[in-house]
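Order of the sequence lines fixes the chain letters, A, B, ..., with proteins taken first and strands second; residue numbering starts at 1 for each chain. Keep in mind that this is a model prediction, so the values were computed, not measured.
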Number of protein chains: 2
Amino acid sequence: MGATRLPLSLLVLLGTLRVISRVSALPPEPEMSTSMLTENNGTTLHLEEIFLGRCWDFQRLWKVSPEINCTGLWDKFFHAFSNRDPCDQKPSYYDDFFSASAFDTPSAEKTLFWSGTTVLAHEYSNDGLRYTTLEDTLPGYVLNGLRWCGSLSEPWYNEKTCPKCPPTVPWDSFWRAASRSFAKRARGDVYVMLSGTRKDQEGKPIDAFVNTSYFGMEELPNLDQQKVSKVNVWVMHDLIVVPPYREACGKGSLIQLDQELSRRGFLMDCTDDPPFLRHLQCVDDPNSKSCTKAATDGTNTSNAPKITMYKISLSVIIVSAWLVTVNT
Amino acid sequence: MGATRLPLSLLVLLGTLRVISRVSALPPEPEMSTSMLTENNGTTLHLEEIFLGRCWDFQRLWKVSPEINCTGLWDKFFHAFSNRDPCDQKPSYYDDFFSASAFDTPSAEKTLFWSGTTVLAHEYSNDGLRYTTLEDTLPGYVLNGLRWCGSLSEPWYNEKTCPKCPPTVPWDSFWRAASRSFAKRARGDVYVMLSGTRKDQEGKPIDAFVNTSYFGMEELPNLDQQKVSKVNVWVMHDLIVVPPYREACGKGSLIQLDQELSRRGFLMDCTDDPPFLRHLQCVDDPNSKSCTKAATDGTNTSNAPKITMYKISLSVIIVSAWLVTVNT
């Protein structure tokens with residue numbers, strides 16, 4: 001137990017900071033990829049066993065029928081990157097893998113894209129039970145949080161080090177291909193969760209819609225106008241940030257996103273901080289000002305209506321006083 | 001895609017009903033075990049691969065060091081039930097398995113027990129990042145949602161049918177042993193999530209604290225008075241049920257739980273519907289009366305303040321009119 005105490009405490013801390021390792025380590029957003037390059041470990045230990053276990057588990061959970069042969073799927077995946085230079089990576093290398101796994105992904109009817117909202121989006125999707133993120137589909141599920149790269153000598157993958165391949169990482173091409181395939185299959189109403197209070201590592205604000213992000217580069221351009229009826233955008237703001245917000249529906253980069261979607265023939269419906277997501281944020285910060293008004297039967301501590309009430313009452317008193325004065 | 005659409009729709013429905021298969025199919029609560037006996041499938045397909053994948057994945061996520069040999073752990077698990085009559089199951093058969101896995105479980109400092117609150121408890125624990133349920137520890141994680149039973153002929157486990165072993169299921173003894181081991185290792189403040197609005201299959205109310213549940217039979221009696229400082233009980237009520245509640249802190253079976261804990265030398269701290277958990281319930285039902293007062297900056301759709309405002313304004317107008325009349 002003693003041996004694991006430190007890393008566990010660290011993970012609890014990471015959890016508090018709303019960073020989940022299995023997710024944050026994954027689809028690196030292009031604009032963030034430079035920071036990912038400090039990572040210099042090799043292929044995830046026991047990659048094949050984790051892949052196979054997750055592949056069978058996914059099929060058990062979602063009752064996939066007819067069953068996909070997970071060993072065959074692994075072979076296609078391994079073939080895409082093994083026996084190559086670790087930086088020789090193209091999205092098309094994974095074509096066979098995606099063909100073999102594509103028809104087994106969960107419902108494409110509640111597709112949830114995300115950018116800059118990794119933790120909240122996945123907590124909300126709830127392993128695909130509420131909404132379906134890429135990581136809740138078979139290809140995303142089996143590789144989520146893992147790392148891999150090829151080698152030109154045996155065992156044909158690099159066990160010790162996955163090198164920097166500027167401007168990105170060796171597994172970036174997989175996530176590009178996965179994002180495209182995911183977007184192409186979306187239908188009906190689709191959902192996008194963005195952050196209106198996103199910052200870079202130096203604390204400088206980042207736009208909610210970044211056209212070089214996975215969403216901007218791979219997903220949005222691959223939405224099928226014949227299949228997608230509406231794009232619902234949720235712009236989330238951290239609880240500690242006080243409005244007015246620089247980035248919100250009808251402001252900043254959201255105008256650009258609206259234009260981009262219109263140009264492609266999609267209807268956009270934008271909502272700032274929808275209540276169901278606000279509640280999810282409040283779970284970890286119930287004492288925040290935006291949360292204390294909430295979820296406690298019968299109590300209401302909001303200031304806004306009181307101010308309005310006082311203003312109206314004051315106006316009535318002033319008018320009445322004036323009437324009294326005029327009449328006397 | 002067509003082949004998977006029906007089961008997926010079903011799962012979405014199940015999700016809506018707040019029933020997650022991987023969790024609900026697991027530790028059957030003794031008082032519910034009769035209903036589990038309609039289950040007549042055999043050992044989970046690809047049990048060994050799922051076990052191994054999860055075992056390596058768990059160690060990767062929690063950075064377990066030194067690494068546990070998952071193949072060795074599987075051997076100990078398989079030895080406990082294989083080559084036996086499927087109903088020949090005792091918790092002690094798993095002693096070797098628990099010895100080998102025990103020291104690698106996550107932090108015992110934020111232990112969360114649950115009874116009748118499977119879905120909410122696991123959504124809140126968030127894979128062990130917020131709190132640690134049994135299913136967030138290595139032994140619970142690797143077997144969660146799976147099914148197994150032995151056979152006296154090759155391959156020494158039953159692939160086709162796991163029989164009823166009244167009053168329970170073949171894997172019940174595993175979860176009894178797991179619950180005991182989990183409770184024995186808890187320290188500091190521990191937490192228990194119970195349901196104050198629980199019902200059986202006929203809609204008849206069930207007590208929040210059931211002394212024949214896993215919590216009542218295996219966990220509570222195995223808490224170590226030297227290690228556990230306080231037992232914090234959260235009594236949750238479904239949003240659709242209107243108070244007053246039959247079962248709540250200081251009422252019904254919670255009195256019995258308080259007495260039972262006192263008798264064993266533990267301090268109990270009981271809270272009905274703590275706000276952080278109310279928020280989590282509101283995520284799926286934001287329009288519920290308990291939720292609409294909440295988590296929307298600056299806007300307020302509650303009727304209460306408006307009525308008060310109109311009343312005050314009306315009073316001011318009447319008084320003013322009276323003043324005008326008096327003065328003219």
Side-chain angles (χ1 to χ4, degrees), chain A residues 1 3-4 7-9 11-12 15 20-22 44-46 49-50 52-54 56-57 60-66 103-104 106-107 123 126 129-130 243 273 275-276 278-280 282-283 286 290-291 293-297 300 302 304-306 308-309 312-313 316-317 320 323-324 327-328, chain B residues 1 3-4 7-9 11-12 15 20-22 44-46 49-50 52-54 56-57 60-66 103-104 106-107 123 126 129-130 243 275-276 278-280 282-283 286 290-291 293-298 300 302 304-306 308-309 312-313 316-317 320 323-324 327-328:
Chain A
M1 193 65 202
T4 62
L8 290 173
S9 312
L11 269 160
V12 169
I20 295 178
S21 65
R22 80 176 163 125
T44 299
L45 287 170
H46 309 287
E49 282 152 304
I50 295 173
L52 292 175
R54 288 185 183 182
W56 293 122
D57 216 1
R60 179 189 66 82
L61 271 166
W62 294 98
K63 300 188 185 357
V64 173
S65 175
F103 67 97
D104 296 285
S107 169
E123 217 179 311
N126 198 14
L129 288 171
R130 285 199 192 97
D273 305 309
F276 47 91
R278 264 291 192 231
H279 281 296
L280 195 52
C282 289
V283 172
S290 302
C291 304
K293 305 160 202 156
T296 45
D297 278 311
N300 190 299
S302 167
K306 286 183 188 162
T308 314
M309 186 179 80
I312 294 176
S313 302
V316 172
I317 290 168
S320 306
L323 278 172
V324 171
N327 281 292
T328 49
Chain B
M1 194 64 201
T4 62
L8 289 172
S9 312
L11 268 159
V12 169
I20 296 178
S21 65
R22 78 174 165 126
T44 300
L45 287 171
H46 309 288
E49 282 151 304
I50 295 174
L52 292 175
R54 289 185 182 181
W56 293 122
D57 216 2
R60 179 190 67 81
L61 272 165
W62 293 99
K63 300 188 185 358
V64 173
S65 176
F103 67 96
D104 296 286
S107 169
E123 218 180 310
N126 199 14
L129 287 170
R130 286 199 191 95
F276 47 92
R278 263 292 192 229
H279 281 297
L280 196 53
C282 288
V283 172
S290 302
C291 305
K293 303 157 201 157
T296 48
D297 273 312
N300 191 301
S302 165
K306 286 184 188 163
T308 314
M309 185 180 81
I312 294 176
S313 303
V316 172
I317 290 168
S320 306
L323 277 173
V324 170
N327 281 292
T328 49

Student: Going from CD1 on B/Ile50 to CZ on A/Arg54, what distance comes out if it is rounded to the nearest 0.5 angstrom?
Tutor: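 Spacing of CD1 (B/Ile50) from CZ (A/Arg54) equals 13.0 Å.
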Student: Is it the side chain or the backbone of B/Leu45 that comes within 4.5 Å of chain A heavy atoms, both, or neither?
Tutor: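 The side chain, not the backbone.
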Student: Which of parallel (below 30°), tilted (30 to 60°) and perpendicular (above 60°) describes A/His279 and B/His279?
Tutor: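 Tilted, since the angle between the ring planes falls between 30° and 60°.
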Student: Knowing that exactly one of A/Cys282, A/Pro286, A/Cys291 qualifies, which makes a side chain to side chain contact (heavy atoms under 4.5 Å, CB included) with B/Phe276?
Tutor: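 Among the candidates, only A/Pro286 passes.
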Student: Answer yes when A/Arg130 and B/Glu123 have at least one side-chain N-carboxylate O distance shorter than 4.0 Å, and no when they do not.
Tutor: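 Yes, charged N to carboxylate O under 4.0 Å.
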Student: Hey, what do you get for CD (B/Glu49) to CG (A/Asp57), rounding to the nearest 0.5 Å?
Tutor: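 Result: 11.5 Å between the selected atoms.
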